[in-house]
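For reference, the structure discussed in these notes is given below.
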Amino acid sequence: MKFSLFTLSAMATGASAGKYFHGHGYKQSTEPREVIKTSLPKTSAGDLPKELDYRSFGESGRSYASAVRNQHIPNYCGGCYIFAATSALADRIRLARGDRPSQQVDLSPQVMLNCDTVGGDDGCHGGDPINVYSYIHDNGIPEETCQLYSATGHDVGNTCDAIDVCMDCAHGTGICSAVDESKYYTYGVEEFGLVNGTDAMMQELQRGPIACTVAVTEDFEDYTGGIFDDTTGTTEMDHSISLIGYGTDEDGTDYWLGRNSWGEYWGESGFFKIVRGTNNLGIEANCQWAVPSKEDNESWQNTGDKPLEKAVEAEPRDADRLPLYGGLKSSGYETIPEHVTSPLPHTYLTADDLPAAFDWRNVNGTNFVTWDKNQHIPQYCGSCWAQGVTSALSDRLNIMNGGQGPVVNLSPQVLINFNGGGTCEGGMPASAYRYIQQNGIPDQTCQVYQAADLGGRKGRSCDELCICETCSPNATSFSPGSCVAVEDPPLYYVSEHGSVKGADNMKAEIFARGPIGCGIAADDAFEAYTGGIFEEEKRFAMVNHEISIAGWGVSDDGVEYWIGRNSWGTWWGENGWFRIKMHENNLNVESGCDWGVPSLTKVE
Ligand SMILES: *[C@@H]1O[C@H](CO)[C@@H](O)[C@H](O)[C@H]1NC(C)=O
Ligand SMILES: *[C@@H]1O[C@H](CO)[C@@H](O)[C@H](O)[C@H]1NC(C)=O
Ligand SMILES: *[C@@H]1O[C@H](CO)[C@@H](O)[C@H](O)[C@H]1NC(C)=O
Ligand SMILES: *[C@@H]1O[C@H](CO)[C@@H](O)[C@H](O)[C@H]1NC(C)=O
């Protein structure tokens, strides 16, 4: 298999950022608490590795770095301290799982905004990463599929009831409810503490990424790449970031490698370098670390390389709830022209060329798949078509990139905003691919998923603001503040797109080029699925739901199955995923699938 390796950072366009950012959200804890159970790492400075980068780590060169986020959309929010803490923790959760392939962990900053009041933490008005770790130590934190980032906190009246920690929304009734605590997984923190000074920080970084605080200057806001070196001498810390490594460049300049929460369009694809050893911007004065809970590693271990399987009893749907499925409009395949310019994989790969089992979550030990999603929060939205397309395409971008470097989670919201294939009332994947081919879409840091048609929101028509935006406080409004369009954000296209059906053709397409989307005839039994190999022949039923397929396998008793991803949260099925029997057209899964080949430039 061939990969075209390229660096996504080359795509950073360096939008002039200074005009976008004001105020950041680090507010030092009034009572910094530490819980330290084991002795701190003490490698002598001379024995430390000279370079460290968790985006390309260990013998495999695999990336453990979680995706860059944007704290400033859909409203302005001084939530940097939460993003710094949760992104470093998410990386460490995956590191703790060792060499076994592990899917991305996307912890929910929104739950912290709703709930964390430790040591003066004040939602979007700022706080301290050490308090976030303290909160997670005592209460745990679920994944983003429980609570979507909405950039509002308890400082503006948000509550912290069960529904504010993990929610799901029903179709039709407009009613959202709390997900039962026994159903979703909360990640924990074993111990946590403070660290400062170059040597101690380098030592701590051997255990994984850390959060640190910095003073933000205009030059830092305008940073587009290279090693940042502040000359103003300011150390008045007002912002938190996470550090994912360090190194030394050809000229002998030592630097830290950081990840910001200002979007992919800032800096080097959202990341930055800053001089190391001179307390530049105060970066060596105040950092925070946390060790993830052992229970997570243990529960992961018990299930081996497989995703977490939780034994949850299937519950019948309440009579007043309409089904969750229904967002796929069929008939797209006949009416939307395909755009195929290179030979289709099934024309050059025969069944004999294909392995008996193949899974993009574990190819030679590397996981290539991107975020799991929940299309139904913070309100019901029939956007499965946009989720399936953007998940499969984001995975394929990651595959093109060799599984290294920044992970791009493409934005389903932009497709919905522009009716690029459909709306919250449903849509067609083929039409979405055509939209992406013609217009390109940005990643989620430009336009966060909001489960709503946003045309005309904020009293404006859906112009550039609906492609890529950022918000900052103005004289009369802290939140939402004023939102402006970001100019020339990185956009991602497809060079080709088309359809595929039938098991052997689907396998060839998945194996050669990456995950595909497929329409299925979902029903109540599928909605109630909790694990195992789903089986239900439905030869003539209409497809009504889009999922993506990332591989296949064969059970001990010889049953071949597909490995699929849904967009109904990670508490559904097998950690958000499912297996379905192959060949007998179960739920019509082999009757109509779609694929796109990602491209960094527009191809006519
Ligand atoms: C996995 O390893 C096999 C055998 O070494 C190799 O042919 C294949 O290209 C590798 N696949 C990926 C995705 O790296
Ligand atoms: C997690 O489990 C793996 C596999 O047993 C083990 O190698 C690793 O050391 C554990 N990690 C931690 C942080 O306990
Ligand atoms: C830096 O760490 C040392 C040792 O843990 C501690 O005594 C000192 O107060 C810290 N300095 C700051 C500025 O936090
Ligand atoms: C400030 O933001 C509010 C809310 O978005 C908006 O209504 C108002 O027009 C803004 N004021 C200025 C001066 O931009």
Side-chain angles (χ1 to χ4, degrees), residues 19-23 26-45 70-78 81 84-85 119-120 124-125 127-131 133-134 150-153 155-157 191-207 210-215 233-241 243 256 276-291 447-448 450 452 454-466 469-486:
K19 60 182 185 252
Y20 298 137
F21 309 112
H22 305 280
Y26 172 70
K27 212 171 71 177
Q28 192 153 15
S29 179
T30 52
E31 43 188 79
R33 166 187 171 221
E34 295 177 285
V35 172
I36 299 177
K37 295 180 178 167
T38 51
S39 53
L40 297 174
K42 285 249 180 337
T43 321
S44 67
N70 185 357
Q71 65 182 86
H72 297 135
I73 55 169
N75 306 306
Y76 174 78
C77 179
Y81 64 106
C124 287
H125 281 82
D128 191 327
I130 198 70
N131 297 334
Y133 287 146
S134 180
S150 66
T152 60
D155 52 324
V156 294
E191 44 177 340
F192 60 97
L194 298 164
V195 60
N196 67 46
T198 309
D199 289 349
M201 284 161 64
M202 284 169 73
Q203 284 168 359
E204 183 57 46
L205 273 165
Q206 309 308 316
R207 296 205 285 185
I210 58 178
C212 290
T213 54
V214 291
T234 180
T235 54
E236 275 180 41
M237 296 178 290
D238 60 358
H239 183 52
S240 296
I241 48 80
L243 290 188
W256 299 110
R276 169 164 56 102
T278 59
N279 199 27
N280 211 253
L281 295 183
I283 198 164
E284 284 137 22
N286 182 12
C287 302
Q288 304 82 25
W289 55 268
V291 172
Q447 196 70 201
V448 75
Q450 291 178 69
L454 295 181
R457 89 214 143 125
K458 294 176 184 167
R460 299 176 60 160
S461 64
C462 212
D463 50 16
E464 311 83 57
L465 211 58
C466 287
E469 67 174 336
T470 188
C471 308
S472 52
N474 68 29
T476 55
S477 164
F478 175 81
S479 169
S482 297
C483 300
V484 296
V486 172

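First listed ligand is number 1; within each ligand, the first listed atom is number 1.
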Ser477: numbered ligand 4 atoms lying under 4.0 Å from its heavy atoms:
1 (C), 2 (O), 3 (C), 4 (C)
4.0 Å protein heavy-atom contact status of atom 4 (C) of ligand 3, strictly under
no
With rounding to the nearest 0.5 Å, note down the distance linking CD1 in Ile73 to SG in Cys483.
9.0 Å
Interatomic spacing from SG in Cys212 to CG in Leu281 - rounded to 0.5 Å:
12.0 Å
By number and element, which atoms of ligand 4 are closer than 4.0 Å to a non-hydrogen atom of Gly481?
2 (O), 4 (C), 5 (O)
For Ser482, atoms of ligand 4 separated by under 4.0 Å from a heavy atom:
1 (C), 2 (O), 10 (C), 14 (O)
Specify whether Tyr133 and Phe192 have parallel, tilted or perpendicular ring planes, treating 30° as the upper limit for parallel and 60° as the lower limit for perpendicular.
tilted
Does even one non-hydrogen atom of Ala475 get within less than 4.0 Å of ligand 4?
no
Enumerated ligand 4 atoms positioned under 4.0 Å from heavy atoms of Asn474:
1 (C), 2 (O), 3 (C), 8 (C), 10 (C), 11 (N), 12 (C), 14 (O)
Minimal heavy-atom distance between Gly119 and Glu31, with the atoms involved, is CA-CG, 3.6 Å
Distance flag for atom 7 (O) of ligand 3, protein heavy atom under 4.0 Å
no
Can Ser29 and Asn131 be said to form a side chain to side chain donor-acceptor pair (under 3.5 Å), step by step?
CA-CA 7 Å; Ser29 179; Asn131 297 334; 2.8 Å; yes
I'd like to check Cys124 versus Phe478 (side-chain heavy atoms, cut-off strictly below 4.5 Å). Are they in contact?
yes
Closest non-hydrogen protein atom to atom 1 (C) of ligand 3, residue and atom name please, with distance?
Asn196 ND2, 1.6 Å
Of all heavy-atom pairs between Pro480 and Cys471, which one has the smallest distance, and what is that distance?
O-CB, 3.7 Å
Does the protein put a heavy atom under 4.0 Å from atom 14 (O) of ligand 3?
yes
